[in-house]
4 protein chains.
Amino acid sequence: MAGAARRVGAETSATRGLILEATEQQILEEGYGAVSTRKVAARAGLKPSLVHYYFPTTDDLLLAVSRRGADESDRMIEEALASDDPLRALWGFFVDTSRTAMALEFMALANHREALRSHMARHCEAMRAREVRILRKLIGDRLDRPDAPAPEALSVVLAGIGRAIVMEENLGVTAGHEEAIAFVEQWLDRLVPSGNDLAEPEAASVR
Amino acid sequence: MAGAARRVGAETSATRGLILEATEQQILEEGYGAVSTRKVAARAGLKPSLVHYYFPTTDDLLLAVSRRGADESDRMIEEALASDDPLRALWGFFVDTSRTAMALEFMALANHREALRSHMARHCEAMRAREVRILRKLIGDRLDRPDAPAPEALSVVLAGIGRAIVMEENLGVTAGHEEAIAFVEQWLDRLVPSGNDLAEPEAASVR
Amino acid sequence: MAGAARRVGAETSATRGLILEATEQQILEEGYGAVSTRKVAARAGLKPSLVHYYFPTTDDLLLAVSRRGADESDRMIEEALASDDPLRALWGFFVDTSRTAMALEFMALANHREALRSHMARHCEAMRAREVRILRKLIGDRLDRPDAPAPEALSVVLAGIGRAIVMEENLGVTAGHEEAIAFVEQWLDRLVPSGNDLAEPEAASVR
Amino acid sequence: MAGAARRVGAETSATRGLILEATEQQILEEGYGAVSTRKVAARAGLKPSLVHYYFPTTDDLLLAVSRRGADESDRMIEEALASDDPLRALWGFFVDTSRTAMALEFMALANHREALRSHMARHCEAMRAREVRILRKLIGDRLDRPDAPAPEALSVVLAGIGRAIVMEENLGVTAGHEEAIAFVEQWLDRLVPSGNDLAEPEAASVR
DNA sequence: AATGAATGAGATTTCATTCAT
DNA sequence: CATGAATGAAATCTCATTCAT
């Protein structure tokens, strides 16, 4: 469903899945620059030729992985936005480490591969639009408060702060993170008090 | 000033500078994965061997470029913090695009090169500490206001939002950016009213 | 028969044989230090990449050559031990120059390549065990003579003297060789008189 | 005294000695094929250019190391032949491990470097002549015994057996060594009974 | 006596891709 | 579906050597 018909290798093949899995691992462990048919094949326990059979070029492979990651993100966000407390669930998603390293790699890669760039841009815009729709329902009636953010701003701000914290933690930096998280949570509380103020405290703290 | 004596190639050599310059260009145009002795040498108009003479391994080269970038960032931040309106100057720095693509590449790369990771982590912590010192002076007396952020939080929050906006713009995404920037600037105004409220409007708008 | 299935390049491939042949020549003519994919490929009239296809690393190549040499030695020793006069045939094998230069190269190389070292050690022990089994049958009943060597000693002593003579001749040294050969042959005659005392005189003289 | 006047680098320089020392280490650890100006310099803590200053070509360097090794061997043999029991001292020298790995490397190398080959051949012949001279004095009067070896044969035989044992032990092989050593020592005892039969038992057993 | 800069050659290895089966 | 063989390109790194100082 994600992509149009591809030349070879059925979309549903188990082997195809194996290859994508191996590629993700490879990216996470050695970076996008280290993705090669050989290494992916070795990791998946397959012959290099077979990888080529499913993904004629390396770009095809990277694009497929990116799509799969986007689908996964979509599912997670969908879940967050459908929860009882979408605001805090969204924030929890942004400070979740599980997909950050991968997103970072693709972000860097996107600068140099047009196909990837445009796909990621579309996905990012779509995600934002969905978030805004939900957030507007949630805080729409508080828009008259002078310090309330527009839903668009809220989406950008939460994503930015969350991702920055996760990226820095990946790097080994922790200075200021506790304070930033406390500040954001206080701010969200003033903005939309949650019925259960202490709900899911672990979801909102990184790691 | 950046480092002690290096094994080969004087720190001040013109050739060395040429190589670093070419490597930066290469990273920006084709990504960290495309940095190779050949390509860098071709770009700099030098023989590949000479690149190896100055930077025995590709890691040495990337580390040197990273150091140079860090020094450049330091200079820019220093300037921002020394200005009349450090808060807005800092924000201006964070939404400045000039160094973001590069930073992104190195962030991704750092996940796979320990030497780079630890160097970037140290630099990041040092930068934060410096920012906090200045911000504390600036908004220290407002800490009793219930909604005032700790200086540490302020540093993290501004950096995160600013960088997210720049990264997304690199990708071609603009949704919500205007609103986010407006929100941050309003917030900063409430926090530390600048004598001239509309000062430097172009510094705060991306590109 | 030598090994189980190898990763690439069928054990029986003609190309594979060509490469091994060329490598042996290269070692004999320029030494183990001069074995490189390029030179071997040039000698075999193949592309360097193809050599790598069959032997991913130079170590794989050297190990394969060593195995082949060991097989060849096995065949020669087997033949000697199965002859009418195993003792003299064995001595003839030890003073045969054809495999010594090669053995010397691999002996030196083994000090620096663990895989090679252990393979050669195993092969050497197996060869000795086989020789001892045959020699025990041959001279077992003379063990009561006070000056008779144990079969193990006989194997070591003949190999040592024979190889030393061949190595020195390779170097261009001849002093004492005639006397040493005469002495050994006299000694063997006293130990196990051959029906035809002057049998195969050319087998026992070097070259 | 060992060589004629060299173009550069005084024969007596301490730096020169350092370089030779480092080269020996390098050969022992990584083999003759791994000797390069760079590695030797690194090992000696010197600049590569300085190695070149003393030894214009790598061959010059290897030849100098070989000469030094030959001088060292000479000294050890001289000492053995001058001892109370030259026969057993000589045997002790041949089963001494300390110089064998090195000798093996140079033996292999000599096959491919004419200068080295002829130098080693000359040295080997000279050594044999000296040994023969001493041995003739020692066992000359037993030459009428039917089983007594010519002094030349004795020199070749002891060297061959001793070196074979040491080389095999380097390889990790031990089968038959004990028996061979016992046999040789018994044989020597019958040939030239030592006044003190248990003299230096440790000198005659390997390791 | 010693050193830094530079360079051309080449060794080792990896890679994407093609082709035939 | 899947694989083995083959190849040209290139990346990384090492090297001996030269030259000027």
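Here is the naming used below: chain letters follow the sequence lines, and residue numbers restart at 1 for every chain. Because only heavy atoms are used, hydrogens play no part in the values below, and waters and symmetry mates are left out as well, while side chains stay in.
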The single option from B:R43, B:R68, B:R16 passing salt bridge (charged side-chain N to carboxylate O under 4.0 Å, His left out) against B:E21: B:R68
Measure from the side-chain heavy atoms of C:S49 and tell me the nearest of E:dT3, F:dA9, F:dC13. F:dA9
Is any side-chain nitrogen or oxygen of C:K39 closer than 4.0 Å to OP1 or OP2 of E:dG10? no
Rounded distance (Å) that lies between atom P of F:dA16 and atom CG of D:D60: 13 Å
Look at all strands and tell whether A:V35 reaches a base, only sugar-phosphate, or nothing, counting heavy atoms closer than 4.0 Å. sugar-phosphate
For a quick test of reading the model: is some side-chain N or O of A:Y54 closer than 4.0 Å to OP1 or OP2 of F:dA2? yes
Just verifying a value: how many Å separate B:I19 CD1 and B:Q26 CD, rounded to the nearest 0.5 Å? 13.5 Å
Ignoring backbone atoms, test whether C:K47 places a side-chain nitrogen or oxygen under 4.0 Å from the OP1 or OP2 oxygen of F:dA6. no
Looking only at heavy atoms, which two atoms of A:I27 and B:H112 are closest? And how far apart? O-CE1, 3.4 Å
For E:dA1 and D:Y53 - does any side-chain N or O of the residue sit under 4.0 Å from the phosphate oxygens OP1/OP2? yes
Does any non-hydrogen side-chain atom of D:E24 lie less than 4.5 Å from one of D:L20? no
In terms of side-chain heavy atoms of D:H52, which of F:dA11, E:dT14, F:dT18 is nearest? F:dT18
Assign each of A:S36 and C:T37 the nucleotide of DNA chain E bearing its closest heavy atom; nearer the 5' end lies the nucleotide of C:T37
Taken to the nearest whole Å, CD1/A:I19 to P/F:dT3 is 10 Å
Return the nearest nucleotide to the side chain of D:T58; candidates are F:dA6, F:dA16, F:dT3. F:dA16
Could you check which of E:dA2, F:dT3, E:dT12 has an atom nearest any side-chain atom of C:R38? E:dT12
Go through F:dC13, F:dA6, E:dG8 for me and flag the one nearest to the B:T57 side chain. F:dC13
Kindly compute the distance separating CZ (B:R117) from CG (A:N170), expressed to the nearest 0.5 Å. 10.0 Å
Assign each of B:P48 and C:L50 to its nearest nucleotide of DNA chain F by heavy atoms, then name whichever residue's nucleotide is nearer the 5' end. C:L50
